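Below: the structure, in structure tokens.
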Number of protein chains: 2
Amino acid sequence: MEKLQIIPLGGLGEVGKNMIVFEYGRNILIVDVGMMFPESYMLGVDHIIPDYDYLRSKRERIRGVVITHGHMDHIGALPYFLREFGDVPLYATKLTRGLIEVNLSSSLRKQTPLHTIAPGDEIHLGPFTVEPYHAAHSIPDAIGLGITTPVGLAVHTGDFKLDHTPVDGWPTDIAKLAEFGQRGVLVLLSDSTNADHPGTTPSEASLTDALEGVFRQAKGRIIVATFASLISRLQQVIDVTQQFGRKVAVTGSSMVANVKMAQRLGYLEIPEGLLLSLNEINRLPPQQVVILATGSQGEPRSIMGRLATGRHPSLRLTRGDTVVLSSHTIPGNEEMVHAVINRLFQRGAHVVYHPVVPVHVSGHASQEEQKSLLNIVQPRFFVPIHGELRHLHHHAHLAEQVGIPHSDIAVVENGYVLRFTQDSMEIGERIPGGYVFVDGVLMGESVDESIVGERTSLAASGVCSVVFRYDQDQGHLVGDPVLQSRGFANFEKVQDIWQGAQDEVRRALRDVQPGTAPLKAERAVRKRLSDYFYEQARSRPNLLVTAISEG
Amino acid sequence: MEKLQIIPLGGLGEVGKNMIVFEYGRNILIVDVGMMFPESYMLGVDHIIPDYDYLRSKRERIRGVVITHGHMDHIGALPYFLREFGDVPLYATKLTRGLIEVNLSSSLRKQTPLHTIAPGDEIHLGPFTVEPYHAAHSIPDAIGLGITTPVGLAVHTGDFKLDHTPVDGWPTDIAKLAEFGQRGVLVLLSDSTNADHPGTTPSEASLTDALEGVFRQAKGRIIVATFASLISRLQQVIDVTQQFGRKVAVTGSSMVANVKMAQRLGYLEIPEGLLLSLNEINRLPPQQVVILATGSQGEPRSIMGRLATGRHPSLRLTRGDTVVLSSHTIPGNEEMVHAVINRLFQRGAHVVYHPVVPVHVSGHASQEEQKSLLNIVQPRFFVPIHGELRHLHHHAHLAEQVGIPHSDIAVVENGYVLRFTQDSMEIGERIPGGYVFVDGVLMGESVDESIVGERTSLAASGVCSVVFRYDQDQGHLVGDPVLQSRGFANFEKVQDIWQGAQDEVRRALRDVQPGTAPLKAERAVRKRLSDYFYEQARSRPNLLVTAISEG
């Protein structure tokens with residue numbers, strides 16, 4: 001009998017977060033097509049997408065793509081994916097579809113067969129029957145998936161928490177999960193993001209108390225920064241704004257677009273007259289003003305970044321303003337976020353931020369919720385997903401605590417092939433490839449690890465170009481060498497090193513035999529100069545050496 | 001009457017952490033001479049030291065330098081400072097002096113008049129009388145200072161916590177602080193590091209419980225990573241090692257040096273036979289082995305970094321090993337630390353890290369301790385130090401809560417001059433200068449912000465050198481242009497862009513008038529190519545253009 005293959009794709013970072021492939025015979029089902037954010041050492045990389053190489057030769061086998069929710073790490077690679085894979089049918093809930101459409105070019109939007117699905121539906125995709133169920137997360141309309149396959153039922157939780165009082169009043173569908181459990185679940189793939197957090201994650205409702213506290217004390221304007229896609233958070237701020245008799249303006253293009261879309265689709269309720277433009281709200285007294293903005297990660301060109309440095313065209317911080325950062329800091333952004341907080345304080349604002357004030361809660365289940373889920377679903381096999389290796393190990397440990405044998409748990413990195421029969425799981429080979437850098441319009445092999453490696457070297461010690469005219473017959477330098485540098489050292493300040501470098505080029509070419517090829521002469525200069533700079537400055541700048549042949 | 005000036009120097013990061021100048025008339029007293037660690041955007045910078053420019057012209061006024069404790073952010077710039085300021089007398093407690101001596105070259109050690117001081121001493125330095133008192137911190141032999149000046153008594157806490165059960169059994173000297181309070185304190189300068197942490201910081205003693213828990217469960221070797229200077233932490237690991245009948249080896253050159261020195265000076269008690277070499281311990285069964293190592297920040301070339309990637313010459317992780325990261329993660333290092341933890345898990349180790357397991361406590365006072373201190377010292381004026389602006393603001397807020405008027409609190413950044421009389425405080429001008437980058441042997445103006453800016457640009461989009469022969473009379477290109485690049489794109493993969501770039505150089509020079517100077521021709525090529533690359537790749541690599549004049 002054919003085996004079911006489950007492959008988390010991506011090669012980097014959180015396992016299965018961005019894309020998971022379910023494969024049975026000549027049939028492929030894809031869950032999520034998200035992007036990754038580059039680590040800070042990946043210089044010049046805008047973002048990272050999964051490597052689709054495994055899917056390229058199997059294009060016609062793809063029966064459909066199901067998206068669990070509308071965060072960028074689950075939908076952000078769709079523009080790249082759809083450009084390559086064309087008219088693959090796409091399944092998403094109403095709000096998720098709205099967020100996808102905001103992010104697609106109009107031509108891709110036209111080309112792609114987009115299907116709106118809802119919890120309770122049954123979607124038949126080749127040999128797979130997909131049953132979406134509602135999941136509470138930090139965005140409305142999130143789903144988990146029951147996927148009936150020829151060898152058994154797989155449950156994929158998506159991102160979730162067991163929040164009993166979510167903003168939209170719709171908790172994770174535990175009854176459906178219990179029903180899956182009663183049917184018998186072959187394998188559970190479950191969100192591990194917070195597997196190192198004991199206890200339970202606080203409800204989104206707890207934020208309302210914190211926000212009310214901030215609003216009660218604020219004497220001037222209130223500026224709330226959060227992610228543009230945290231639609232529930234926006235609703236909470238809007239509700240508290242209304243409650244305290246203030247008005248709200250939204251700024252930041254992604255947030256404006258999302259608010260418009262979510263309101264149109266009925267996922268944001270904004271009372272008539274509450275939402276003003278930035279121009280309108282600037283005419284109100286400060287104690288009536290709330291501004292919702294992007295930039296909670298401290299990005300220099302975001303609204304918060306520009307407010308912190310006084311470079312926003314129409315908003316200026318003043319003493320008495322309260323700034324709320326209602327978000328968590330993505331690892332790697334700590335320094336930027338702290339710098340922005342410091343600058344906001346410097347401009348006289350009162351800054352309220354997590355965890356000093358509980359103005360953010362996680363959208364992911366903690367340990368007690370993860371154990372609950374394992375007990376409800378009672379899977380035969382367990383695959384922790386959505387986390388770095390350390391989270392997967394913690395989650396695996398929890399699964400053992402609730403009675404799943406060590407040998408029935410697969411902790412794997414992206415790219416490993418898991419194979420299932422009705423009563424077995426095996427960890428197969430790792431497929432080649434991994435992830436793809438995107439830098440502007442360049443991507444893939446054009447900007448790969450070797451290019452990022454060169455950037456790392458340039459960042460550490462700069463570059464120096466050396467040009468000289470060279471007479472091969474004589475093996476002689478003609479005229480003076482021309483040196484230029486960037487990012488190495490201020491040569492006005494170390495003129496002796498700079499002067500010495502020119503002498504060093506002369507010396508290197510004095511040692512060259514008549515008839516030596518220009519390439520060899522370049523190599524001699526490179527070697528000599530590199531050693532010279534190291535000796536003088538304990539640094540080896542990148543050397544771009546060009547010999548111009550004479551005579 | 002002359003005013004007392006207090007100036008926190010450094011220009012960057014935590015205020016007054018690295019150096020504070022006390023100045024009265026023609027007399028200067030310096031407290032601490034530390035280094036800063038670069039933010040991750042400061043590419044290629046090894047570390048940062050305060051700018052001493054303010055002190056340069058006042059060299060002969062310096063009566064002495066007092067060091068509060070032996071952490072690098074308080075002693076790390078001494079080698080640079082002493083090289084420039086020569087034989088300034090230096091005052092430090094015994095262990096602090098030991099740590100300073102480990103970090104000085106032998107010539108600097110000989111040249112510098114080093115004085116050992118102890119709590120209870122009175123040191124007369126010009127018009128200043130310095131009374132060190134014991135402070136509990138994450139390193140033994142730390143002190144705070146009472147500084148009697150002609151206008152009144154200043155108290156400088158150094159780094160401290162009000163730990164009642166520190167490892168060395170010697171809590172912060174509250175009695176002395178109370179005595180200062182009774183004498184009347186003009187100004188308190190107090191550690192703000194944890195001013196956004198409610199409650200009190202757990203005692204170092206609480207760590208022993210956590211370590212015992214780890215040792216009880218560990219079946220194989222135990223590898224503990226921490227900072228080389230956390231002498232108290234080393235003592236705790238040694239104590240627990242003895243208690244569980246294991247042996248310990250120390251690895252990492254800085255930790256080996258510190259252990260040797262601290263043991264010699266009596267700050268580390270290691271029972272006879274407990275300490276083995278790495279070679280000796282490798283012959284013991286795993287359940288008898290403890291290894292103390294550096295690299296808790298995930299630095300690739302540290303012991304932990306090399307263990308994580310399997311590149312340590314004599315240590316190799318095996319299933320069953322337990323790795324304990326007993327340290328906090330310095331902001332900016334999160335990604336590196338997480339990557340190391342993931343790789344350690346991957347190699348089969350069980351990894352124990354803060355805050356999942358409480359194997360680290362902070363060495364700094366939290367809010368309740370900070371308020372206690374304010375109440376005990378009862379200063380007329382308050383200057384929060386040792387923190388970023390956000391911490392200083394939080395600390396100022398606490399001071400207001402205990403009754404210090406807003407107008408008697410000075411929240412300032414590094415470089416501002418605070419002036420005191422017997423009953424007034426005024427915030428003066430900001431002195432020019434700030435901080436100095438150190439990159440290998442280059443520093444100061446040789447590697448300044450402009451160079452780091454160039455590195456940022458190189459890191460983002462790489463570099464391309466363009467060399468062409470140019471006939472000025474004709475305004476013509478001669479032969480073919482030569483292009484080389486680094487860190488821009490893989491030109492084997494985008495040959496059409498690369499080929500097009502050469503054509504673009506030809507085209508730019510075709511538009512040039514006969515007689516155009518080479519510099520102008522270079523500029524025309526630079527402009528044309530920059531636009532071309534942006535159009536093709538949405539990226540503007542740095543262009544180093546060289547025209548070689550012909551004929």
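Chain A is the first sequence line, chain B the second, and so forth, proteins listed ahead of strands; every chain is numbered from 1. Nothing here was measured: the structure is a model prediction, and the numbers come from that model. The analysis underlying the following values was restricted to heavy atoms, covering all of them including side chains, and did not include hydrogens, waters or symmetry mates.
Across A/Ala489, A/Pro198, A/Ser461, A/Gly440, the residue that shares the most heavy-atom pairs under 4.5 angstrom with chain B is A/Ala489. Here B/Ser40 is the residue among B/Ser40, B/Pro331, B/Gly332, B/Gly444 with the most heavy-atom pairs under 4.5 Å with chain A. Looking only at heavy-atom pairs under 4.5 Å with chain B, the residue among A/Asp448, A/Asn542, A/Val351 that has the most is A/Asp448.
Considering every non-hydrogen atom in both B/Ser465 and A/Leu544, the closest pair reads CB-CD1, 3.7 Å. Nearest heavy atoms, A/Ser446 versus B/Val494: OG-CG1, 3.5 Å. Heavy atoms only, all atoms of each residue included: B/Leu458 and A/Arg486 are closest at CD1-O, 3.5 Å.
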Report, one line per pair, each donor and acceptor closer than 3.5 Å where one atom sits in a side chain of residues 478-485 of chain B; sequence neighbours left out.
from	atom 1	to	atom 2	distance (Å)
B/Asp480	OD1	B/Arg506	NH2	3.0
B/Gln484	NE2	A/Val545	O	2.9
B/Gln484	NE2	A/Thr546	OG1	3.1

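One distance of note links CD of A/Glu335 with CG of B/Asn333; it measures 8.0 Å at 0.5 Å rounding. Remark: B/Arg469 CZ to A/Ser549 OG distance equals 7.5 Å, nearest 0.5 Å. Atom-to-atom distance recorded for A/Leu442:CG and B/Gln536:CD is 9.5 Å, nearest 0.5 angstrom.
Looking at A/Ile548, the atoms closer than 4.5 Å to chain B (heavy atoms on both sides) all sit in the side chain, from C-beta outward. Heavy atoms of A/Phe491 lying under 4.5 Å from chain B are absent altogether. Heavy atoms closer than 4.5 Å to chain A are found in both the backbone and the side chain of B/His338. For a residue to count as touching a neighbouring chain, one of its non-hydrogen atoms must lie under 4.5 Å from one of that chain's; by this rule B/Val467 touches chain A with the side chain only. For a residue to count as touching a neighbouring chain, one of its non-hydrogen atoms must lie under 4.5 Å from one of that chain's; by this rule B/Ser457 does not touch chain A. For A/His397, no part lies under 4.5 angstrom from a heavy atom of chain B. Using a 4.5 Å cut-off between heavy atoms, B/Glu413 touches chain A through its side chain atoms alone.
No donor-acceptor pair closer than 3.5 Å links the side chain of A/Glu334 to the backbone N or O of B/Glu334. Of the possible donor and acceptor atoms, none in the side chain of B/Glu388 sits under 3.5 Å from a partner among the backbone N and O of A/Asn342. Distance alone, capped at 3.5 Å, is enough to place a donor-acceptor pair between the A/Arg455 side chain and the B/Phe488 backbone. No donor-acceptor pair closer than 3.5 Å links the side chain of B/Asp196 to the backbone N or O of A/Val356.
Residue A/Glu39 places its CD atom among more than 12 non-hydrogen atoms of other residues, nucleotides or ligands, all under 6.0 Å distant.
A/His393 and B/Phe345 have parallel rings, their planes meeting at less than 30° on a 0 to 90° scale where 60° marks the start of perpendicular.
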